[in-house]
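All of these numbers come straight from a predicted model, not from anything done at the bench. We count residues from 1, following the sequence as given.
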Amino acid sequence: MYCLEGRKDENSMDFSLTEEQVLIRDMARDFASRELAPIAGDLDKEEKFPEKQLRMMGELGLMGVNIPEEYGGAEAGSVATSLAIMEIASGCASAAVTMSVTNMVAEVICSFGTEDQKRKYVPRICSGEYSCAAFGLSETGAGSDPGSMKTKAVKSGDEWILNGEKLWISHGDKAGVVIVWARTGGKGTGGISAFLVEQGTEGFTPGKKEDKMGLRASTTVPLLFEDCRIPADALLGEENAGFKVAMMALDGGRIGIASQAIGIARAAQCEAVEYAKERQQFSRPISSFQAVQWMLADNETAISAAESLTLQAA
Ligand SMILES: Cc1cc2nc3c(=O)[nH]c(=O)nc-3n(C[C@H](O)[C@H](O)[C@H](O)COP(=O)(O)OP(=O)(O)OC[C@H]3O[C@@H](n4cnc5c(N)ncnc54)[C@H](O)[C@@H]3O)c2cc1C
């Protein structure tokens, strides 16, 4: 029997973009080419965090693309978020990682936060009042395996007291608010809770930034918590149910980081094509050599495939 006989196409997709998605993508492309691409190299070399540009992105609606309008977002969906991150990454990879994490944090607060938490933090994130928001899950001994984290939160009256250290937290020193995961119960993934911790809270100190090989305009820092007292209502979601919050966040976060990678790859491909057309050897542009054409065609195939898969996931 022909194996595709009787195949149902309920999973087939309409690949055309909506007018709104095109509008957001084009706006992000325009911003990236005008405000980011011309300075991205210097920002990277000088490890300069693009605070001003990130706030401008907030004002344009790029920090809450998939956030309901009532909390200050653009309410344009996750495909629009992915398209916008691709464009920003083509101009500046560091700005894109910050944008990706910040959108993710806003989405997590919208999904798990109380009404008060949503009203307090999400408009500040979406508007650019905060240049960014951060996600504090990883620790020295807890990377792929967050269930082994050691940072602790202990309830004391109407407060939580945080102690421990987070590691590799993207722009954790710049964020207005950080989601911090800590152990509140027994071992493993069942004893973890999430908290909203504001920058400047006593007992919360960002450490020395990592010296990275790329994304150097995005800081990656440890976060130290020493008897850091936060109010009881800083708990995000239910007590001991923080692992679910982290996993949900990472579902979206992976689409964000994939979008970032595609934006970087697209920009690199574009530069490569331009260079191949310009560079002359043996009295011809090197783009006329079939070996070079094959490399560029293979790149284009891989990037387009990754783009389709990422937008399908979004
Ligand atoms: C630039 C940068 C920014 C970051 N930003 C943040 C941030 O904002 N917030 C945050 O919380 N964290 C952040 N991180 C940390 C990041 O999430 C961790 O690096 C990641 O979770 C992997 O952890 P690890 O580096 O400890 O690798 P490990 O967990 O030690 O893994 C090492 C290797 O083992 C493999 N491996 C692990 N477990 C398995 C398994 N079960 N099966 C098969 N293979 C496995 C991994 O795939 C990997 O190849 C950032 C890291 C970097 C580099």
Side-chain angles (χ1 to χ4, degrees), residues 47 49 51 94 97-98 100-102 104-105 108-109 112 117 121 125 130-157 159-250 253-254 257:
E47 295 185 83
F49 187 71
E51 182 135 2
S94 296
V97 71
T98 309
S100 174
V101 175
T102 301
M104 173 175 74
V105 169
V108 172
I109 300 175
F112 292 94
Q117 289 171 332
Y121 294 111
I125 297 171
Y130 289 160
S131 65
C132 57
F135 180 91
L137 181 68
S138 304
E139 297 181 6
T140 316
S144 307
D145 174 24
S148 60
M149 74 172 59
K150 293 214 163 66
T151 295
K152 254 192 184 167
V154 178
K155 194 91 184 269
S156 165
E159 288 180 323
W160 289 95
I161 304 175
L162 290 176
N163 275 290
E165 189 176 11
K166 295 287 163 184
L167 204 60
W168 311 304
I169 309 305
S170 296
H171 51 263
D173 54 339
K174 309 283 185 191
V177 65
V178 186
I179 305 179
V180 177
W181 279 264
R183 184 157 299 290
T184 44
K187 279 189 177 164
T189 55
I192 295 170
S193 303
F195 299 92
L196 290 163
V197 184
E198 292 177 23
Q199 195 72 243
T201 305
E202 207 179 326
F204 161 34
T205 322
K208 186 174 171 289
K209 67 182 178 191
E210 303 290 341
D211 183 17
K212 303 200 298 294
M213 293 169 75
L215 302 174
R216 290 167 62 83
S218 154
T219 56
T220 309
V221 294
L223 304 178
L224 191 64
F225 297 93
E226 290 169 302
D227 291 331
C228 174
R229 291 174 177 270
I230 51 173
D233 64 7
L235 179 71
L236 178 66
E238 286 170 31
E239 190 174 333
N240 293 326
F243 185 70
K244 195 174 84 183
V245 179
M247 291 304 107
M248 179 266 174
L250 291 174
R254 285 174 181 129
I257 298 304

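If you take CD on Gln199 and CG on Leu223, they are separated by 8.0 Å, rounding to the nearest 0.5 Å. For the atom pair CE (Met149) and CH2 (Trp181), the distance works out to 8.0 Å, reported to the nearest 0.5 Å. Atom-to-atom distance recorded for Ile161:CD1 and Lys155:NZ is 11.5 Å, nearest 0.5 angstrom.
Here the side chain of Thr102 pairs a donor or acceptor atom with the backbone of Ala133 at under 3.5 angstrom. Counting only distance, with no hydrogens or angles, the side chain of Ser193 and the backbone of Leu235 share no donor-acceptor pair below 3.5 Å.
Scored by the side chain to side chain contact (heavy atoms under 4.5 Å, CB included) test, Ala182 finds Thr151, Ala153, Leu162, Phe195 as partners (sequence neighbours excluded). Scanning for side chain to side chain donor-acceptor pair (under 3.5 Å) contacts around Thr205 gives an empty result, with sequence neighbours left out.
The salt bridge (charged side-chain N to carboxylate O under 4.0 Å, His left out) pairs that include a residue from residues 193-202 are Lys120-Glu198, where partners are two or more places apart or lie in different chains. Within the structure, salt bridge (charged side-chain N to carboxylate O under 4.0 Å, His left out) pairs that include any residue of residues 205-222 comprise Glu47-Arg216, Asp211-Arg216 (at least two apart or interchain). Sorted by first and then second residue, the pairs that involve residues 217-245 and meet salt bridge (charged side-chain N to carboxylate O under 4.0 Å, His left out), not counting sequence neighbours, are Glu159-Arg229. Counting only residues at least two apart or in different chains, salt bridge (charged side-chain N to carboxylate O under 4.0 Å, His left out) contacts with residues 162-189 comprise Glu139-Lys166.
Between Phe49 and Cys132 the shortest heavy-atom distance is CZ-SG, 3.9 Å. Across Ala134 and Ser170, no two heavy atoms sit closer than the pair CB-O, 3.6 Å. For Gly185 against Asn240, the heavy-atom pair with the smallest separation is N-OD1, 3.3 Å. Counting all heavy atoms, side chain and backbone alike, Gly141 lies closest to Ser148 at O-OG, 3.0 Å. Annotation for Pro231 and Trp160: closest pair O-CD1, 3.8 Å, computed over non-hydrogen atoms.
Test Val108, Leu137, Val101 against Ile179 for side chain to side chain contact (heavy atoms under 4.5 Å, CB included) and you get one pass: Val108. Of the candidates Leu236, Ile230, Val197, Val180 forms a side chain to side chain contact (heavy atoms under 4.5 Å, CB included) with just one, namely Val197.
Between Phe225 and Phe204, the angle of the ring planes stays under 30°, which puts this pair in the parallel group of the 30/60° scheme.
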Trace of the side chain to side chain contact (heavy atoms under 4.5 Å, CB included) decision for Ile257 with Ser100: CA-CA 7 Å; Ile257 298 304; Ser100 174; 3.9 Å; yes

